[in-house]
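Letters A, B, ... are given to chains in the order of the sequence lines, protein chains preceding strands, and every chain is numbered from 1.
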Number of protein chains: 2
Amino acid sequence: MIAHKIVPNISVDCVIFGFDFEKLNVLLVEREMKDEKTGEVLIRDHTLAGYHIFEDEDLDSAAARILKGLTGLDNIFLEQFGAFGQLDRVSGPKDKMWLDYINKGFADRVVTVGYLALIDNTKVTLTLKDRNVAWFPVSMVSDMEMAFDHKYLFYTAMEALQRKVKVEPIAFELLPDYFTISQLQKLYEALLGTSFDKRNFRKKVAQMHYVIPLRKKQQGVPHKPAQFYLFSREVYDKTRKGRISFII
Amino acid sequence: MIAHKIVPNISVDCVIFGFDFEKLNVLLVEREMKDEKTGEVLIRDHTLAGYHIFEDEDLDSAAARILKGLTGLDNIFLEQFGAFGQLDRVSGPKDKMWLDYINKGFADRVVTVGYLALIDNTKVTLTLKDRNVAWFPVSMVSDMEMAFDHKYLFYTAMEALQRKVKVEPIAFELLPDYFTISQLQKLYEALLGTSFDKRNFRKKVAQMHYVIPLRKKQQGVPHKPAQFYLFSREVYDKTRKGRISFII
DNA sequence: TTAACTTTGTGTAGATAGTACACCAACAAA
DNA sequence: TTTGTTGGTGTACTATCTACACAAAGTTAA
């Protein structure tokens, strides 16, 4: 293992979203610091998955590295949602104390680049055990204490996600390869915080020729089994209409 | 004037767009370097408006500072479109030579944050004289030589602009306070590289209640004078419909 | 084996928005 | 008064959006 030199004033933070067929979740890392003598808990809050970039790696690679380290996953949807450089973003009292404590040679002034990651929950959950990493419902974030400006980063990521999801077929990144229309609908409802009429939603999906029905059906469910579908990016790219819709 | 210390490895670059009622333009700075002895031109190309951030300023302020320095304008639409951190982004042969030449203590590895600025051409043009700064039609950029990865930044900004313009009422930032519908149509056509049917376009504008007709008309034009309109952000914010339009 | 439960999956009618298309009106200049 | 130029309007057709109710296909429990 090569020791990489970090860039002390540039970091990358990942807002990692997952969907459990019920609600949208975000992956957070617990940050804890105890008084060495008394054992008193001085800091216990959460941070996004992030780290400083290395001197010999670009931003996207740094984000991918962090994601892989935490989830074991490769080839994940990962996209920038902004750069953050407020002067005081890492200098709250707890944050100062923390940086002192871990003593890694990070600068006082750090610009971070935010990445948003969408992962298929069914493929993870395992690698996380015995680490201080866990999924939290996005609705819970408002009540949590978070390090640095990470709560702000989270909400910025959330807004970016809601904007993108209306305009690009990225929601599928949060679903397994095979999914039902109901699952897709629940996902959009969770993402946008709304609810849709079932028949109208399905009519819409029927127009998306890149959402392709399979011969497979659910099995063992105590109700009428649903049909599985898959998302085809090839079909999407081919049939995509460059529609212009001014906002009214 | 206080001397600010720069951050050697973080910069901001502004892609400044303007509209002259005919086409979309971008503001570029000429970069020239001559051999000290022979006078031979070693470098003559263009860069975006950019500079390293200062230690005591955040990213948005740095972008605003750069914009003000170049155009004299304040309160300009200015929005991030990405962060760029490729390892080799400032290390082409000419770029190395240039950085050596200007010798400002910039790092070899620089992460830049791209900002896109939209300005009302009628308010500038003046302050630019006797500087190596000029407007270029965006269609001309493909044939120009540009410093660093600035051509790539430009195209990324262009795509971001085209995306945003379909979904947010930011095009108005490129027009004067009062404008005609034809000017608005030409602007959208220039931005998106398409053309629209006049009647349908005007029907659409009529639905945008935030585009408000004035009593004023054009004067001194050798044809039927057009009515002026203005954009009202207040009305926009009030009447905005949170429409969801999945892409098909 | 029947009944109860749960989720799937379907159609229609009215309203709204999108598209394609041609001509007269108002002004300046010659 | 004619010419040139841009501004400004309406209609018929199609596509999409919205609101809304009930039978079908499974499992489970009586």
Donor-acceptor contact present, side-chain D149(B) to main-chain Y152(B), <3.5 Å: no
Protein-nucleotide distance (F179(A), atom CZ; dT8(C), atom P), rounded to Å: 14 Å
Sugar-phosphate or base contact per nucleotide [nucleotides 20-30 of chain C; S, B, -; heavy atom under 4.0 Å]: BBB--BBBS--
Value in whole Å for how far the P atom of dC17(D) lies from CZ of F201(A): 13 Å
dT8(C) phosphate, OP1 or OP2, under 4.0 Å from S182(A) side-chain N/O: yes
d(CG, L184(A); P, dT8(C)) in whole Å: 12 Å
Verdict with supporting geometry, L161(B) and I170(B), side-chain contact (heavy atoms from CB on, under 4.5 Å): CA-CA 9 Å; L161(B) 176 58; I170(B) 57 171; 4.2 Å; yes
Nucleotide dC20(D), atom C1' - distance to CZ of R202(A) in whole Å: 16 Å
Side-chain N or O of Q207(B) closer than 4.0 Å to phosphate OP1/OP2 of dG18(C): yes
Euclidean distance, atom NZ of residue K204(A) to atom P of dA19(D) [Å, nearest integer]: 12 Å
Donor-acceptor pair, side chain of Q183(A) and main chain of L175(A), under 3.5 angstrom: no
Plane angle bin for F231(B) and Y210(B) - parallel if under 30°, tilted between 30 and 60°, otherwise perpendicular: perpendicular
Result of checking F179(A), Y178(A), Y229(A) against F172(A) for ring-ring contact (aromatic ring centres under 6.0 Å, His included): F179(A)
Salt bridge flag under 4.0 Å for residues E145(A) and R44(A): no
Touch class at under 4.0 angstrom, heavy-atom based, for Q227(A) against every strand present: sugar-phosphate
